[in-house]
Structure formats: C-alpha cells, structure tokens
Amino acid sequence: MAKTELSVTAPGVLRVRRRWRLFQGRRPTLWLGVGIVFVFVFAALFAPFITQYSPEQVDLFHMLAPPGGSHWFGTDELGRDLFTRIIYGARTSLTVSAVAVMIGAIIGVALGLISGYVGGWLDEWLIMRVMDALQAFPFLIFALVLGAVLGGGIFNAEIAIGIGFIPGFVRIARAQVFLQKETEYVQSARIAGAHWSRILLRHILPNIMAPIIVQISLALAGGIVAEAGLSYLGLGVQPPAPSWGTMLKTAQGYLTIAPWLAIFPGVALALAVLGFNYLGDGLSDALNPKG
Amino acid sequence: MLTFITRRILLTIPVLFLISVIVFSLLHLIPGDPARVILGQDATPAALQALRVQLGLTRPLWLQYVLWIGGVFHGNLGNSLQTGLPVAMLIGQALPVTVELAIGTIIVSGLIAIPLGIYAAVHKGRLADLITVFGASIGLSIPPFWLGIMLLLLFTVHFHLFPSSGFVPFFQNPIQNLQSMFLPVVATAVREAAVLLRMMRASLVEVLGADFIRTARAKGIVWRVVVVRHAVRNALVPVLTQSGLQVAGLLGGLVITETIFSLPGFGSLLVNSIFSRDYTIIQGSALVAALLVVGVNLVTDLCYGLIDPRIRMGKGA
C-alpha cells in the first residue's frame, strides 16, 4: 500500500506567505523606503547607545565648532553636539508623527467605516460635510490655529496634526467600505444575523487594511514635516528638547558663521520624509498591483 | 448642467456653515477663561471684564454666534485686540503679498513640471524618465522651509544676489519686488512642481495608452503632433483641476515661507497674531483661508464639470 504524505499548512501561514510574496521581486522603491525608515527608527530607539553625548549637554568651550573631530556634525550655539541632537530629534519627530497618525487613523477609520456602512444622511449630510469643512482649512494653518488655541508643546502638536489627518482616513475607509459592503461575504454575514459592529470590525476592516496602511505611511511623512514646521514656528516642541524644526529656526540666525547648523538637520528631515514617501509608494505598488 | 451647478453650490452651504461654527468655536476652545489667557495672570478684574464684553463672551453662546456671523456677512471680522484696527482691513493689506507669492509659485511650478512631466511620460521606462521621477520624489521630500533656508545660505549669504528679507510692492518698484519674491517663490515652487510633475506624467502615460491615440498613430499623424495636439491637451484637464485642489496645501506652505523671508503676507499676519494672542485676527485668518480654499475648490469643480460631461452626469465623481 502506497504511503501518501500530506503536507498540512495552517491558513494563517498561507496568508502570511501569500502576503510576503507581494513584497518580493523588483521593488526598489519599497526596499529603499524600508531601509531609510529602519535607519531612523533604529537611531530613535537606540539613541543613547549610538552617541556618547547628551542632547542637552552644554559645552561653552566648544560653541559653534565646525564638523569634524569628536563632533561629527559640529556643535551648536551652546556647544551641544549636533549629531546627538539630530539623533534625538529623530526620536521626537517620529514619536510626534506616529502619535498624530494614530489619532488620525483611529478616529478617521472608525468614522469612515460608520459613514460608509450606514450611509444616508449621517454619511452625506453630517460626517462627510464635517470632513469637507475640516479639509477646507489648509493643514498647517489648521494645526497652527489649533496649536495657538490649545497652547504649544508636544502633546498639543500631536492633537493638532492628528485632527488634520482625520479627513484623509475617513475618505479612504469610506470608499473601501462602499466597495466591500455589497460583496457576497458581507451579505452572507448580514443574512447570518451578525451585528453591524461585528461585520465592520471582523469582516470589512481586515479587507480594507491595504490602502489604510499605505495612507499611514504617507501620513507619517506628512506628520514629520508638520511637526518640524510647527516647531520652527515655535508652536511644537519647545527648547531645549531636540527637534529638527527648532534646530532649523535657531540655525537661521547663524547662517553666516555656522551653516552646518542648517544643513544637517534639514538633510535628516528630508531623508526621513523621503523614506516614508518611498515606503508609502512602494506599499501602494505592492498591495495594489493593478494601480 | 444647471442641476450640476445647483447641486454643487447646495453642497457648499452646509460646509460653509460648519466652517463658521469651527472658526467661531476657536475662542471657546481656549482652556479656561479666554480673557485671562489673552491678558495674562496679572490682569485686573476690570480689564478682564472689559475684554469679555469686547469679545461678547458675556452674552449667551447662540447670540454670540448670530452676532459674529452677522458681522462676517457685512465684512466685519472684528477688531484686532492689540492694535484695535479692523481685522478685515489687516487681512486685506496682507493678502496681496500672499496672492502674488501663490501666483508666482503656480507659474514657476507649472513651467518646471509640465514640460518635464511630458518628457518623462513620452520616455516612460527609460533613463530620462527614471531620473525625472527620482528628482520629483526628492523635490517632494524637501520641506519648502528648509529649501528656503538653503537658498538664503547660497544666494544671499554666499553670492549676495538676493535680499534676505523685506518686501517692496510690485507697483512701487517692480524690479525690487521680483528680487524679493524670487527666492520665496522658488522655495515653495519646487515641492509644488514635484506634485504636478507626478500628476502630469501619470495622466499623460494613461492618455498615451488610450485607443484614440493608437487610431491617430494608425492614420499616420506624426508622433510629435499626436503627443502635443491630442495627448497633452487631454492629459492636462485632470492635472489642472487636480492642481486647483492643491491650493489648501500651497496656502499652508506659504505661511512658513513668508516667515522665513519676512514677507508681510497673510501667513506672517497669522503667525504674529498667534504670538500676540490676537484671537480675533486668528479667527479672521482661519475663516478667510478656509473660504479661499472652498471658493477655489468650487470654481475648480464647476470648471471640471463644464469641460468633462462625465462629472456633471455624476459618473466621474
């Protein structure tokens, strides 16, 4: 009697393998994005192990020292090591952006799910019109005004930027729900008597995650720029905490004698934004092969 | 067509109402007593009460809104808490600088993006395309305010070619005006050009794959004529309308650019009023910015509807 070998693979493993296959192949944009983002996340997480200096350690004997020697990127007007402040600035920037995106994504996706599923006046005349009204305010102006009302500081910057992200997530989630709610699996769940919240969270949400993940990545880039912009204007992270935006603001006063103060934080800022943009574009290509 | 215009305008009404509610609520979102926040901890009770009366905070909330919106309909946005000057007048003085900067940005970004976008689309997949797309992704990643500082470093500090700050009105001295606007315009235009370039390339690539282009080629029309007369004209429609919708992002970017180059525009007015806690100017500026965006979006949508019948039939929305 011939022996038959059966290879049994769990559905979860199959799903992971299928998704992993999407990321293989020629996707230079995606992998470049992953690489850049990894460097910044690594630097932010392990900052104390990467540099021997403290970001707020003042050294009045080495003020405005040019790049080189023990200070790779030079020092600022208080003798603080610029490389260290940029590394810790990555921590600030990524944290503010991540929290803001989390606020925007959680509220936005929840509203988008409800708006798309329930439809009717709640969708067309309430939620979407509120989103139209929010989107009418230029993103940075909205964050600035909200920052002015709530006061400066990291937490308020996160809220102000996060609220600005809500309409984008609402629109994406709502559009996806419209596509999904007429599909057979959703109809079956409804006929089987599943509660609407269960249909939304257990059935629809997992199937609309791809565009939401892409939006999260692109929003992280936007959050980094917004944080730097708010901090540059004095309404984000407050000195002496390190932030790329506040570093650029200070640097503007020393352009003639210490141009490196403006160059290095800006390069870090642009690279981080590039990384998240590439990651978002790459994910968009990988998760949406037709696009 | 009339139905499309009516429906589009009707949909704007609740948005305008909600914008007015959001702007009106700003003063009431201030944690604690707004008068105390504005005047500081050392303010006397009499001064606090006088400010509450001036801001109308002693009246019921609904009446405050009705009086405020009534003023807005008559062009009255209140008076500055610092100088006492009408907010509408201050915004009116600042807006031309911002409008000039915005128009300059749109012209420069269009001049960079449209030819490059066409070139990249026509040479899709080749080295020239890859370099252009890479350049666009770099341009998209450089924050305009950092680019502004770098331009100052290069052209003002190093080569002494342009002034670092200051503004001369165009009709007072056109040459000096263009000198003072050149760097701010370039700083903002690079990112806008990157966005426009990507849109132009994507739109033209799609059009070049359409059946009517193949038909035109099959008829023996020269490739250059097919691209310029048939493809580019069709590809430009969604690009121009989409770029109209980018105005909100552009306005936001101009706020920091104006601050970097010390231009006395709308953005500088807003930033200065934030630091002087001049909440009537903050409210007025937020309202004007939102109305500008809604107005531009409405005009863009109506133009798009006029050009493309699918939009007004509700098929392309």
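Between chain B and the options A:A221, A:A228, A:A270, A:G234, the largest number of non-hydrogen pairs under 4.5 Å is found for A:A270. Comparing B:I138, B:I149, B:L16 by heavy-atom pairs within less than 4.5 Å of chain A, the highest count is held by B:I149. Contact tally against chain A (heavy-atom pairs below 4.5 Å) for B:I142, B:I22, B:L291: the top residue is B:I22. Comparing A:A148, A:A143, A:P265 by how many heavy-atom pairs each has under 4.5 Å with chain B, the most go to A:A148.
In this structure, the side chain of A:Q252 engages the main chain of B:I260 through a donor-acceptor pair within 3.5 Å. Looking at B:W146, its side chain never comes within 3.5 Å of a backbone N or O of A:G245 through a donor-acceptor pair.
A 4.5 Å side-chain heavy-atom check between B:Q283 and A:V145 finds every atom pair outside the cut-off. Side-chain contact check for B:L11 versus A:W125: some heavy-atom pair is nearer than 4.5 Å. Contact of the A:L233 side chain with the B:I274 side chain is not registered, since no non-hydrogen atoms from C-beta on lie closer than 4.5 Å. Within the 4.5 Å cutoff, the side chain of A:F137 has no heavy atoms near those of the B:V294 side chain.
Contacts of B:T12 classified as side chain to side chain donor-acceptor pair (under 3.5 Å), with partners at least two apart in sequence or in another chain: B:R8. Partners of A:I114 according to the side-chain contact (heavy atoms from CB on, under 4.5 Å) rule, which considers only residues two or more places apart in sequence or in another chain, are A:V118, A:L122. Looking at residues two or more places apart in sequence or on another chain, you find no salt bridge (Lys or Arg N to Asp or Glu O under 4.0 Å) involving B:E206.
Shown here for B:L153 and A:L255, the closest heavy-atom pair between the two residues is CD1-O, 3.6 Å. Contact between A:Y278 and B:S137 at its shortest, heavy atoms only, is OH-OG, 2.9 Å. Between B:L251 and A:I141, the shortest heavy-atom contact is O-CD1, 4.2 Å.
Residue contact with chain B, scored on non-hydrogen atoms closer than 4.5 Å, is absent for A:A272. Contact annotation for A:D132: both backbone and side-chain heavy atoms come within less than 4.5 Å of a heavy atom of chain B. A:A262 touches chain B through backbone and side chain together, each having a heavy atom under 4.5 Å away. For A:L271, no part sits under 4.5 Å from any heavy atom of chain B, backbone or side chain. Heavy atoms closer than 4.5 Å to chain A are found nowhere in B:F17, neither backbone nor side chain.
Chain B is approached within less than 4.5 Å, heavy atom to heavy atom, by no residue from residues 164-171 of chain A.
The CG atom of A:L146 sits 7.5 Å away from atom CG of B:L26, with the distance rounded to the nearest 0.5 Å.
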